[in-house]
Amino acid sequence: MLLSTTVLAQEATQAPAAPPAETPVRFIELVGPAAESSAEISSLAWYGDYLVLLTENSFLYNQIEDSSGGVFALEKGDILEYLDAENPEPLEPLAVPIFGPDIEDAVNGFEVTFDGFEAIKFVDDPSVFADDKVFLTIEAETVDENDPSMRAYVVWGTVEPDLAGIHLRLEDRIALPRQTDFGNMSYESLLVADNRLIALYEINGAGVNAAPLAYAIDLQSGEVTTIPLQNIEYRITDATDPDASGVFWMPNYFFEGEDFLATDNDPIFAQFGEGASQAAFAGVERLIALQYTGDQIVLVNQPPIQLQMTEESQGRNWEGIARLDDRGFLIVTDRFPQTLLGFVPAGG
(Lines give C-alpha, C1' and ligand atoms only; values in the text may rest on other atoms or scores of the structure.)
Protein backbone atom coordinates (compact mmCIF):
# COMPACT_ATOMS: atom_id res chain seq x y z
CA MET A 1 0.00 0.00 0.00
CA LEU A 2 1.29 3.44 -0.86
CA LEU A 3 2.09 5.65 2.08
CA SER A 4 -0.20 8.33 0.67
CA THR A 5 -3.22 6.06 0.99
CA THR A 6 -3.10 6.30 4.77
CA VAL A 7 -6.29 8.10 5.72
CA LEU A 8 -6.30 10.87 8.29
CA ALA A 9 -8.15 9.61 11.33
CA GLN A 10 -11.35 11.43 12.17
CA GLU A 11 -10.74 10.92 15.88
CA ALA A 12 -8.84 13.65 17.69
CA THR A 13 -5.22 12.72 18.37
CA GLN A 14 -2.52 14.29 20.48
CA ALA A 15 -1.38 17.46 18.73
CA PRO A 16 2.30 18.47 18.80
CA ALA A 17 3.38 20.35 21.91
CA ALA A 18 4.89 23.24 19.93
CA PRO A 19 2.98 25.07 17.17
CA PRO A 20 3.94 23.72 13.75
CA ALA A 21 5.80 25.92 11.29
CA GLU A 22 3.86 28.17 8.95
CA THR A 23 4.73 29.18 5.40
CA PRO A 24 4.73 32.79 4.20
CA VAL A 25 3.20 33.38 0.77
CA ARG A 26 5.51 34.95 -1.81
CA PHE A 27 3.40 37.29 -3.90
CA ILE A 28 3.67 37.72 -7.67
CA GLU A 29 2.74 41.27 -8.58
CA LEU A 30 0.17 41.59 -11.33
CA VAL A 31 -0.90 44.59 -13.39
CA GLY A 32 -3.73 45.13 -15.81
CA PRO A 33 -7.41 44.12 -15.57
CA ALA A 34 -6.68 40.77 -13.90
CA ALA A 35 -5.08 42.59 -10.98
CA GLU A 36 -8.30 44.44 -10.17
CA SER A 37 -10.50 43.01 -7.45
CA SER A 38 -13.47 43.10 -9.82
CA ALA A 39 -11.84 40.25 -11.77
CA GLU A 40 -12.78 37.89 -8.91
CA ILE A 41 -10.40 35.10 -9.91
CA SER A 42 -12.13 31.86 -8.89
CA SER A 43 -9.90 29.05 -10.20
CA LEU A 44 -6.51 28.23 -11.71
CA ALA A 45 -5.70 25.56 -14.30
CA TRP A 46 -2.88 24.72 -16.69
CA TYR A 47 -3.45 24.61 -20.42
CA GLY A 48 -0.07 23.45 -21.70
CA ASP A 49 2.40 26.07 -20.50
CA TYR A 50 -0.31 28.66 -19.85
CA LEU A 51 -1.71 29.24 -16.39
CA VAL A 52 -5.35 30.18 -16.89
CA LEU A 53 -6.99 32.49 -14.35
CA LEU A 54 -10.75 32.03 -14.41
CA THR A 55 -12.81 35.16 -13.83
CA GLU A 56 -16.01 34.58 -11.91
CA ASN A 57 -17.91 37.14 -13.99
CA SER A 58 -16.25 36.43 -17.32
CA PHE A 59 -18.87 38.41 -19.25
CA LEU A 60 -17.22 41.61 -17.96
CA TYR A 61 -14.22 40.96 -20.21
CA ASN A 62 -15.72 40.89 -23.71
CA GLN A 63 -13.57 43.68 -25.11
CA ILE A 64 -12.56 41.58 -28.14
CA GLU A 65 -14.97 41.82 -31.07
CA ASP A 66 -17.64 39.10 -31.19
CA SER A 67 -16.56 37.66 -27.84
CA SER A 68 -18.98 37.04 -25.00
CA GLY A 69 -16.40 37.28 -22.24
CA GLY A 70 -12.88 36.39 -21.31
CA VAL A 71 -10.39 34.88 -18.91
CA PHE A 72 -6.70 35.60 -18.32
CA ALA A 73 -3.50 33.62 -18.72
CA LEU A 74 0.19 33.76 -17.77
CA GLU A 75 3.01 31.90 -19.49
CA LYS A 76 4.86 29.49 -17.22
CA GLY A 77 8.24 30.82 -18.38
CA ASP A 78 7.29 34.32 -17.23
CA ILE A 79 6.24 33.02 -13.83
CA LEU A 80 9.49 31.11 -13.37
CA GLU A 81 11.57 34.10 -14.45
CA TYR A 82 9.69 36.26 -11.95
CA LEU A 83 10.38 33.86 -9.09
CA ASP A 84 14.06 33.55 -10.02
CA ALA A 85 14.69 37.29 -10.48
CA GLU A 86 16.06 39.52 -7.73
CA ASN A 87 13.97 42.50 -8.80
CA PRO A 88 11.21 41.17 -11.02
CA GLU A 89 8.90 43.35 -13.06
CA PRO A 90 5.14 42.93 -12.53
CA LEU A 91 3.39 40.48 -14.83
CA GLU A 92 0.39 41.41 -16.97
CA PRO A 93 -1.80 38.39 -17.76
CA LEU A 94 -2.90 37.89 -21.35
CA ALA A 95 -6.56 38.29 -22.25
CA VAL A 96 -8.17 35.11 -23.60
CA PRO A 97 -11.55 35.68 -25.28
CA ILE A 98 -14.58 33.46 -24.74
CA PHE A 99 -16.82 33.01 -27.77
CA GLY A 100 -20.37 31.75 -27.72
CA PRO A 101 -23.80 32.88 -26.57
CA ASP A 102 -24.23 35.72 -24.12
CA ILE A 103 -23.17 34.18 -20.81
CA GLU A 104 -25.74 35.79 -18.53
CA ASP A 105 -28.65 35.36 -20.95
CA ALA A 106 -27.78 31.73 -21.68
CA VAL A 107 -27.51 30.74 -18.02
CA ASN A 108 -30.54 32.76 -16.98
CA GLY A 109 -32.39 30.74 -19.60
CA PHE A 110 -31.98 27.74 -17.28
CA GLU A 111 -34.58 29.56 -15.10
CA VAL A 112 -31.86 30.58 -12.65
CA THR A 113 -29.79 33.69 -12.07
CA PHE A 114 -26.13 33.44 -13.05
CA ASP A 115 -23.81 33.91 -10.06
CA GLY A 116 -20.50 33.11 -11.70
CA PHE A 117 -17.99 30.58 -13.00
CA GLU A 118 -16.35 28.75 -10.10
CA ALA A 119 -13.97 26.11 -11.50
CA ILE A 120 -12.15 25.33 -14.75
CA LYS A 121 -10.28 22.30 -16.05
CA PHE A 122 -8.79 21.42 -19.45
CA VAL A 123 -8.73 17.94 -21.00
CA ASP A 124 -6.49 17.37 -24.02
CA ASP A 125 -6.24 13.57 -24.05
CA PRO A 126 -6.97 12.50 -27.65
CA SER A 127 -8.33 9.17 -26.42
CA VAL A 128 -11.12 11.09 -24.70
CA PHE A 129 -11.86 13.88 -27.16
CA ALA A 130 -10.83 14.64 -30.70
CA ASP A 131 -10.42 18.31 -29.79
CA ASP A 132 -9.11 20.01 -26.69
CA LYS A 133 -11.93 20.54 -24.25
CA VAL A 134 -12.54 22.91 -21.40
CA PHE A 135 -14.96 22.25 -18.56
CA LEU A 136 -16.33 24.82 -16.13
CA THR A 137 -18.73 24.85 -13.20
CA ILE A 138 -21.39 27.52 -12.95
CA GLU A 139 -22.98 28.67 -9.72
CA ALA A 140 -26.53 29.99 -10.03
CA GLU A 141 -29.49 30.85 -7.85
CA THR A 142 -33.06 29.75 -8.42
CA VAL A 143 -35.65 32.36 -9.31
CA ASP A 144 -38.46 30.36 -7.71
CA GLU A 145 -39.49 32.24 -4.54
CA ASN A 146 -40.78 28.93 -3.12
CA ASP A 147 -37.39 27.25 -3.61
CA PRO A 148 -34.66 29.88 -3.11
CA SER A 149 -31.50 27.82 -3.30
CA MET A 150 -28.25 27.45 -5.19
CA ARG A 151 -27.84 25.44 -8.37
CA ALA A 152 -24.69 24.20 -10.08
CA TYR A 153 -23.95 23.10 -13.62
CA VAL A 154 -21.03 21.70 -15.56
CA VAL A 155 -20.65 23.23 -19.04
CA TRP A 156 -17.99 22.73 -21.69
CA GLY A 157 -16.45 23.91 -24.93
CA THR A 158 -13.38 23.76 -27.13
CA VAL A 159 -10.05 25.60 -27.10
CA GLU A 160 -8.29 27.18 -30.06
CA PRO A 161 -4.59 26.31 -30.58
CA ASP A 162 -2.17 28.32 -28.43
CA LEU A 163 -5.10 29.40 -26.26
CA ALA A 164 -6.21 31.99 -28.81
CA GLY A 165 -9.78 31.61 -27.66
CA ILE A 166 -12.33 29.45 -25.85
CA HIS A 167 -15.63 28.47 -27.46
CA LEU A 168 -18.37 27.63 -24.96
CA ARG A 169 -21.59 25.87 -25.93
CA LEU A 170 -23.72 26.60 -22.83
CA GLU A 171 -26.81 25.06 -24.42
CA ASP A 172 -25.54 21.69 -23.14
CA ARG A 173 -25.04 21.22 -19.43
CA ILE A 174 -25.08 18.72 -16.60
CA ALA A 175 -26.83 19.75 -13.39
CA LEU A 176 -25.16 18.86 -10.11
CA PRO A 177 -27.41 18.24 -7.07
CA ARG A 178 -27.10 20.66 -4.22
CA GLN A 179 -25.79 19.12 -1.01
CA THR A 180 -26.85 21.77 1.51
CA ASP A 181 -29.33 24.63 1.69
CA PHE A 182 -26.71 27.29 2.42
CA GLY A 183 -26.53 30.24 0.05
CA ASN A 184 -23.48 30.98 -2.10
CA MET A 185 -22.17 27.45 -1.72
CA SER A 186 -21.65 25.24 -4.74
CA TYR A 187 -19.11 23.14 -6.66
CA GLU A 188 -15.86 25.10 -6.75
CA SER A 189 -13.37 22.36 -7.68
CA LEU A 190 -12.77 20.12 -10.68
CA LEU A 191 -10.19 17.41 -11.26
CA VAL A 192 -9.70 14.69 -13.85
CA ALA A 193 -8.88 11.07 -12.97
CA ASP A 194 -9.62 7.71 -14.62
CA ASN A 195 -11.21 9.49 -17.61
CA ARG A 196 -13.70 11.09 -15.26
CA LEU A 197 -14.32 14.75 -14.53
CA ILE A 198 -14.84 15.00 -10.78
CA ALA A 199 -16.63 17.93 -9.14
CA LEU A 200 -16.27 18.64 -5.41
CA TYR A 201 -18.73 20.58 -3.30
CA GLU A 202 -17.48 23.57 -1.34
CA ILE A 203 -18.55 22.67 2.22
CA ASN A 204 -18.18 19.18 3.61
CA GLY A 205 -17.81 19.58 7.37
CA ALA A 206 -19.43 17.01 9.64
CA GLY A 207 -21.87 19.55 11.05
CA VAL A 208 -23.08 20.92 7.70
CA ASN A 209 -22.76 18.02 5.25
CA ALA A 210 -22.83 14.70 7.08
CA ALA A 211 -22.30 12.47 4.01
CA PRO A 212 -20.60 14.54 1.30
CA LEU A 213 -20.27 13.26 -2.24
CA ALA A 214 -18.16 14.11 -5.24
CA TYR A 215 -19.87 13.83 -8.62
CA ALA A 216 -17.98 12.09 -11.42
CA ILE A 217 -18.82 12.53 -15.11
CA ASP A 218 -17.51 9.89 -17.52
CA LEU A 219 -15.65 11.79 -20.22
CA GLN A 220 -16.74 9.39 -22.95
CA SER A 221 -20.31 8.47 -22.07
CA GLY A 222 -21.38 11.43 -19.95
CA GLU A 223 -22.66 9.07 -17.26
CA VAL A 224 -22.78 10.69 -13.82
CA THR A 225 -21.87 8.70 -10.72
CA THR A 226 -20.98 9.57 -7.13
CA ILE A 227 -17.83 9.13 -5.05
CA PRO A 228 -17.88 9.27 -1.23
CA LEU A 229 -15.83 12.15 0.14
CA GLN A 230 -14.36 12.28 3.64
CA ASN A 231 -15.65 15.08 5.86
CA ILE A 232 -13.47 18.19 5.64
CA GLU A 233 -14.08 21.18 7.87
CA TYR A 234 -14.33 24.73 6.50
CA ARG A 235 -14.38 25.40 2.73
CA ILE A 236 -12.46 23.77 -0.11
CA THR A 237 -12.20 26.01 -3.15
CA ASP A 238 -10.09 24.49 -5.98
CA ALA A 239 -7.93 21.45 -6.77
CA THR A 240 -4.60 20.71 -8.40
CA ASP A 241 -4.26 17.92 -10.93
CA PRO A 242 -3.78 14.58 -9.13
CA ASP A 243 -0.35 12.96 -9.28
CA ALA A 244 0.34 9.33 -10.26
CA SER A 245 -0.89 8.19 -6.82
CA GLY A 246 -4.11 10.19 -7.08
CA VAL A 247 -2.94 12.80 -4.56
CA PHE A 248 -4.04 16.38 -5.11
CA TRP A 249 -4.02 19.59 -3.07
CA MET A 250 -6.75 22.08 -2.22
CA PRO A 251 -7.03 25.43 -0.43
CA ASN A 252 -8.88 24.90 2.85
CA TYR A 253 -10.20 28.22 4.08
CA PHE A 254 -12.36 29.64 6.86
CA PHE A 255 -13.61 33.22 6.95
CA GLU A 256 -14.48 34.42 10.41
CA GLY A 257 -17.83 35.80 9.24
CA GLU A 258 -19.08 32.35 8.23
CA ASP A 259 -20.08 31.25 11.71
CA PHE A 260 -22.10 28.30 10.42
CA LEU A 261 -18.79 26.68 9.36
CA ALA A 262 -17.02 27.28 12.68
CA THR A 263 -16.01 24.21 14.67
CA ASP A 264 -14.04 23.26 17.75
CA ASN A 265 -13.45 19.76 16.36
CA ASP A 266 -11.19 19.99 13.34
CA PRO A 267 -9.38 16.64 12.88
CA ILE A 268 -6.51 18.22 10.90
CA PHE A 269 -5.53 20.70 13.61
CA ALA A 270 -6.20 18.06 16.27
CA GLN A 271 -3.63 15.73 14.72
CA PHE A 272 -0.99 18.10 13.38
CA GLY A 273 -1.35 21.17 15.58
CA GLU A 274 -2.33 24.73 14.81
CA GLY A 275 0.23 27.28 13.65
CA ALA A 276 0.81 30.44 15.65
CA SER A 277 -1.01 32.83 13.32
CA GLN A 278 -3.79 30.31 12.64
CA ALA A 279 -4.41 30.26 16.39
CA ALA A 280 -4.06 34.02 16.77
CA PHE A 281 -6.65 34.97 14.17
CA ALA A 282 -10.21 33.79 13.66
CA GLY A 283 -9.66 32.60 10.07
CA VAL A 284 -7.98 29.47 8.69
CA GLU A 285 -5.69 29.50 5.64
CA ARG A 286 -4.04 26.22 4.71
CA LEU A 287 -3.41 23.81 1.84
CA ILE A 288 -4.44 20.20 2.38
CA ALA A 289 -3.65 16.95 0.55
CA LEU A 290 -6.36 14.52 -0.51
CA GLN A 291 -6.29 11.32 -2.49
CA TYR A 292 -8.60 9.90 -5.13
CA THR A 293 -8.44 6.12 -4.73
CA GLY A 294 -10.91 5.15 -7.45
CA ASP A 295 -13.86 4.56 -5.16
CA GLN A 296 -13.46 7.34 -2.58
CA ILE A 297 -11.69 10.62 -1.83
CA VAL A 298 -9.91 10.83 1.51
CA LEU A 299 -7.60 13.10 3.43
CA VAL A 300 -3.95 12.07 3.26
CA ASN A 301 -2.14 11.48 6.54
CA GLN A 302 0.19 14.41 5.88
CA PRO A 303 0.57 17.77 7.63
CA PRO A 304 -1.19 20.64 5.88
CA ILE A 305 0.77 23.63 4.63
CA GLN A 306 -0.36 26.34 7.03
CA LEU A 307 -0.07 29.81 5.55
CA GLN A 308 1.42 32.54 7.69
CA MET A 309 -1.04 35.34 8.43
CA THR A 310 -0.55 38.81 9.87
CA GLU A 311 -2.90 41.52 11.08
CA GLU A 312 -2.74 43.03 7.60
CA SER A 313 -2.99 39.81 5.61
CA GLN A 314 -5.69 37.81 7.35
CA GLY A 315 -8.95 37.22 5.54
CA ARG A 316 -7.43 36.23 2.18
CA ASN A 317 -10.04 34.20 0.34
CA TRP A 318 -7.90 31.67 -1.53
CA GLU A 319 -10.02 30.52 -4.47
CA GLY A 320 -7.53 28.92 -6.87
CA ILE A 321 -4.56 26.55 -6.82
CA ALA A 322 -2.24 24.91 -9.36
CA ARG A 323 1.02 22.99 -9.04
CA LEU A 324 4.16 24.70 -10.32
CA ASP A 325 6.28 21.74 -11.43
CA ASP A 326 8.07 20.35 -8.36
CA ARG A 327 8.58 23.78 -6.82
CA GLY A 328 5.28 24.12 -5.05
CA PHE A 329 1.92 25.76 -5.64
CA LEU A 330 0.47 28.87 -7.18
CA ILE A 331 -2.57 30.18 -5.31
CA VAL A 332 -4.88 33.11 -5.95
CA THR A 333 -7.57 35.05 -4.09
CA ASP A 334 -10.79 36.48 -5.42
CA ARG A 335 -11.74 40.06 -4.52
CA PHE A 336 -11.12 39.57 -0.80
CA PRO A 337 -9.07 41.50 -0.01
CA GLN A 338 -8.01 42.01 -3.66
CA THR A 339 -6.53 39.89 -6.45
CA LEU A 340 -3.44 38.26 -4.94
CA LEU A 341 -1.38 35.69 -6.85
CA GLY A 342 1.08 33.87 -4.62
CA PHE A 343 3.66 31.12 -4.63
CA VAL A 344 3.94 28.55 -1.82
CA PRO A 345 6.96 26.22 -1.83
CA ALA A 346 6.20 22.51 -1.67
CA GLY A 347 8.41 22.02 1.35
CA GLY A 348 6.33 24.40 3.44
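Values in this document were obtained by computation on a predicted structure and should not be read as measured data. Numbers here are sequence positions counted from 1. Heavy atoms only: backbone and side chains are in, while hydrogens, waters and symmetry mates are out.
Each of Glu139, Gln179, Glu118 was evaluated against Tyr187; a single residue qualifies, Gln179, per the side-chain hydrogen bond (donor to acceptor under 3.5 Å, both in side chains) test.
Of all heavy-atom pairs spanning Arg316 and Tyr253, the tightest one is O-CE1, 2.7 Å. Contact record, Phe114 with Asn108: N-OD1, 2.9 Å, taken as the closest heavy-atom pair. Between Ser186 and Tyr201 the shortest heavy-atom distance is O-CD1, 3.5 Å. Across every non-hydrogen atom of Ser42 and Phe117, the tightest pair is OG-O, 2.8 Å. The shortest heavy-atom contact between Val208 and Phe260 is CG1-O, 3.5 Å. Minimum interatomic distance between Ile103 and Ser58 (heavy atoms only, all atoms of both residues): CD1-CB, 4.2 Å.
Here the side chain of Thr137 pairs no donor or acceptor atom with the backbone of Glu188 at under 3.5 angstrom. A donor-acceptor contact shorter than 3.5 Å is absent between the side chain of Asn57 and the backbone of Phe59. For Asp334 (side chain) and Ile41 (main-chain N/O), no donor-acceptor pair under 3.5 Å exists by modelled atom type. A distance-only check finds a donor-acceptor pair linking the side chain of Arg26 to the backbone of Leu83 [under 3.5 Å]. Judged purely by atom type and a 3.5 angstrom limit, Gln306 uses its side chain to pair as donor or acceptor with the backbone of Gly275. The backbone N or O of Pro337 sits nowhere less than 3.5 Å from a side-chain atom of Asn317 that would complete a donor-acceptor pair. Remark: the backbone N or O of Gly70 is paired with a side-chain donor or acceptor of Thr55 at under 3.5 angstrom. Counting only distance, with no hydrogens or angles, the side chain of Ser67 and the backbone of Ile64 share a donor-acceptor pair below 3.5 Å. Looking at Thr240, its side chain never comes within 3.5 Å of a backbone N or O of Phe248 through a donor-acceptor pair. Not one N or O on the side chain of Trp318 forms a donor-acceptor pair closer than 3.5 Å with the backbone of Leu287.
Because its NZ or CZ atom is both nearer than 6.0 Å to the ring centre of Phe269 and within 45° of the ring axis, Arg286 counts as a cation-pi partner of that residue. Note that Arg173 lies in the cation-pi zone of Phe110, set by a 6.0 Å cut-off to the ring centre and a 45° limit from the axis.
Interatomic distance, CD of Glu319 versus CD of Glu202, reported as 6.5 Å (0.5 Å rounding). Tyr234 contributes atom OH, which lies 14.0 Å from atom CD1 of Ile203 (distance to the nearest 0.5 angstrom). Put simply, CG on Leu200 and CG on Leu191 are 6.0 Å apart, with the number rounded to the nearest 0.5 Å. Put simply, CG on Leu176 and OG1 on Thr226 are 12.0 Å apart, with the number rounded to the nearest 0.5 Å. With rounding to the nearest 0.5 Å, the separation of CG in Leu74 from CG in Leu30 is 6.0 Å. With rounding to the nearest 0.5 angstrom, the CG atom of Asp78 is 6.0 Å from the CG atom of Leu91.
Side-chain atoms of Val284 and Asp266, non-hydrogen and from C-beta on, never get closer than 4.5 Å to each other. Side-chain atoms of Asp194 and Tyr292, non-hydrogen and from C-beta on, do get closer than 4.5 Å to each other. With contacts defined as side-chain heavy-atom distances shorter than 4.5 Å, the pair Thr142/Arg151 qualifies. The shortest distance between side-chain heavy atoms of Arg235 and Leu261 falls below 4.5 Å. A 4.5 Å side-chain heavy-atom check between Pro303 and Gln271 finds every atom pair outside the cut-off. Using a 4.5 Å heavy-atom threshold, the side chains of Val134 and Leu136 count as touching. Side-chain contact check for Leu229 versus Leu290: some heavy-atom pair is nearer than 4.5 Å. Annotation: side chain of Ile28 is in contact with side chain of Leu330 (closest heavy-atom distance under 4.5 Å).
Centroid-to-centroid, the aromatic rings of Tyr82 and Phe343 stay 6.0 Å apart or farther.
Other residues, nucleotides and ligands contribute over 12 non-hydrogen atoms within 6.0 Å of the CD atom of Glu160. Other residues, nucleotides and ligands contribute only 12 or fewer heavy atoms inside 6.0 Å of the CG atom of Asp162. Few gaps surround CD on Glu36; more than 12 heavy atoms of other groups in view lie less than 6.0 Å from it.
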Item to complete: Decide salt bridge (Lys or Arg N to Asp or Glu O under 4.0 Å) for Arg335 and Glu56; before the verdict, give the C-alpha distance in whole Å, the side-chain angles of both, and the deciding distance to 0.1 Å.
Response: CA-CA 10 Å; Arg335 60 190 176 95; Glu56 185 168 323; over 6 Å; no
Worksheet item: Would Lys121 and Asp241 satisfy salt bridge (Lys or Arg N to Asp or Glu O under 4.0 Å), going step by step from the backbone distance to the final call?
Response: CA-CA 9 Å; Lys121 192 64 65 178; Asp241 293 325; 3.3 Å; yes
Worksheet item: Given Asp238 and Ser43, is the side-chain hydrogen bond (donor to acceptor under 3.5 Å, both in side chains) satisfied, shown in steps?
Response: CA-CA 6 Å; Asp238 203 14; Ser43 182; 3.1 Å; yes
